[in-house]
Amino acid sequence: MYNSHEPNYPKTNTIFYYTQFPGYAKSQNLTSVSEFHLMGFSEEPELQPLLLGLFLSMYLVTVLGNLLIILVVTSDSHLHTPMYFFLCNLSLADVGVISTTVPKMIVGNLTHSTDISYAGCLTQMSSFLLFGCMDDLLLTVMAYDRYVAICHPLHYQVIMNSHRCGILLLLSFVAGLSESQLHNLIVLQSSCFKGVEIANFFCDPSQLLNLTCSDTFSSDIVTYIVSIIYGFLPMSGILFSYYKIASSILRIPSPGGRYKTFSTCGSHLTVVCLFYGAGLGVYLSSASSLSAGKDALASVVYTVVTPMLNPFIYSLRNKEIQRAMRMLFK
């Protein structure tokens, strides 16, 4: 039975609409899905100017703050070290994460449209996974860098040489690209979708996979494997690095020496807690039955707030960054 309230898709011979009864989901063939609808926030007209101003200001602060970190590090020769090399690339990944998600939402707010094309949705999902995975792995690499600097200071220059730093950065990029293309492949192999409404302000990979109506067993297995490789293993590496760091710091006799040594990784530890805390919050919120607006609000912490706060954390807690900023402004 045709529903007149459904979106008007191009008529083809492969489009089928099934009778909708309570408890039954509408199924559409893949050829009929030309676009998705991002139902992230309230569509009340009086809230749109507030959302526009809020997200535009957060986007500008995030981009300018991270670009300032990159400019400061590249302009000061004293900061040309492995730690700040990875910090620059972390800032680039943060700019990539927020630039993938927020501009589309801002444009949709201005045009009063929640539509995103099928190809655009896959592109947005792939870019988000690429930069998000790079964020995750770069934080792990930075934890390893702090572990080598504190636990093996005499061999630091040998272990963290420029060649190895380049390889670690390349591996982070390749791993992120592999994850994004793997999710793309799973979505492209789906023959149909249960619906076209995504309860977020961007093409959330987990929600897009949940819309597929094909057999989800293989995709679930891949999702679990990806979660272990890109979630559990990096987190385990960070915890192991800080366990060794804490053990090494506790062996320092003077309290002043312990504080000075720990202060070198304080900014990174703060960013790690913010990153994984926000990610865990989004996971728990998606596991519970939340409305579209609340689910999107939980994702804002992960995709917008965390990249926005990273430059402030590194600039406020790092004396070398503060010194380089003063020199740059002079």
Side-chain angles (χ1 to χ4, degrees), residues 58 61-62 65-66 68-69 73 82-98 101 128-129 131-151 168 172 175-176 179 206 226-250 252 258-288 294-295 297-322:
M58 288 194 297
V61 169
T62 303
N66 282 284
L68 179 61
I69 291 290
V73 172
M83 181 177 71
Y84 295 108
F85 168 75
F86 293 122
L87 175 60
C88 277
N89 288 279
L90 180 69
S91 296
L92 283 174
D94 284 337
V95 172
V97 168
I98 194 170
T101 56
F128 172 76
L129 287 172
F131 293 116
C133 181
M134 285 190 66
D135 245 346
D136 182 21
L137 297 179
L138 284 173
L139 288 174
T140 307
V141 171
M142 293 173 73
Y144 173 72
D145 172 77
R146 291 298 84 204
Y147 157 73
V148 175
I150 295 175
C151 300
L168 290 173
S172 300
E179 183 189 12
S206 60
V226 167
S227 300
I228 293 174
I229 295 176
Y230 296 98
F232 177 75
L233 292 181
M235 189 61 189
S236 300
I238 293 175
L239 291 176
F240 176 78
S241 297
Y242 275 101
Y243 165 75
K244 301 297 287 185
I245 289 172
S247 301
S248 180
I249 290 176
L250 291 176
I252 299 176
R258 288 196 295 265
Y259 174 78
K260 184 178 180 180
T261 304
F262 182 76
S263 64
T264 61
C265 52
S267 299
H268 175 262
L269 186 59
T270 304
V271 172
V272 167
C273 293
L274 183 63
F275 181 87
Y276 282 99
L280 182 62
V282 171
Y283 174 78
L284 294 177
S285 66
S286 62
S288 60
K294 292 182 179 179
D295 199 16
L297 187 61
S299 298
V300 168
V301 179
Y302 180 80
T303 59
V304 181
V305 177
T306 302
M308 181 181 66
L309 293 181
N310 286 353
F312 294 99
I313 293 173
Y314 275 100
S315 60
L316 294 177
R317 296 180 58 90
N318 193 302
K319 293 183 179 180
E320 292 181 333
I321 292 289
Q322 293 176 5

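Values reported hereafter were calculated over all heavy atoms of this structure, with side chains retained and with hydrogens, waters and symmetry mates removed. Fair warning: this is a prediction, and the values are worked out from it, not measured in the lab.
Between Ser241 atom OG and Ile245 atom CD1 the span is 6.0 Å, to the nearest 0.5 Å. Here the OG1 atom belonging to Thr303 is positioned 11.5 Å from the CG atom belonging to Asp135, to the nearest 0.5 angstrom. For the atom pair CG (Leu90) and CG (Asn66), the distance works out to 7.5 Å, reported to the nearest 0.5 Å. Here the SG-CE distance, from Cys265 to Met83, works out to 9.5 Å after rounding to the nearest 0.5 Å. Here the CG atom belonging to Leu233 is positioned 13.5 Å from the CZ atom belonging to Phe240, to the nearest 0.5 angstrom. Distance OG/Ser247 to CD1/Ile150: 11.5 Å, rounded to 0.5 Å.
In plain terms, the two heavy atoms of Ser248 and Cys151 that are nearest each other are CB-SG, 3.9 Å. Contact between Gly132 and Val97 at its shortest, heavy atoms only, is N-CG2, 3.7 Å. Residues Tyr242 and Leu269 approach most closely at OH-N, 3.5 Å, considering heavy atoms.
Side-chain atoms of Pro234 and Tyr276, non-hydrogen and from C-beta on, do get closer than 4.5 Å to each other. At a threshold of 4.5 Å between non-hydrogen side-chain atoms, the residues Ile321 and Val73 count as touching. For the pair Phe275 and Asn310, the minimum side-chain heavy-atom distance is 4.5 Å or more.
Side-chain atoms of Asn89 come within 3.5 Å of backbone atoms of Phe85 as a donor-acceptor pair (strictly under, hydrogens ignored). Using modelled atom types, one side-chain atom of Tyr230 and one backbone atom of Ala175 make a donor-acceptor pair closer than 3.5 Å. The closest donor-acceptor contact from the side chain of Thr62 to the backbone of Met58 lies under 3.5 Å.
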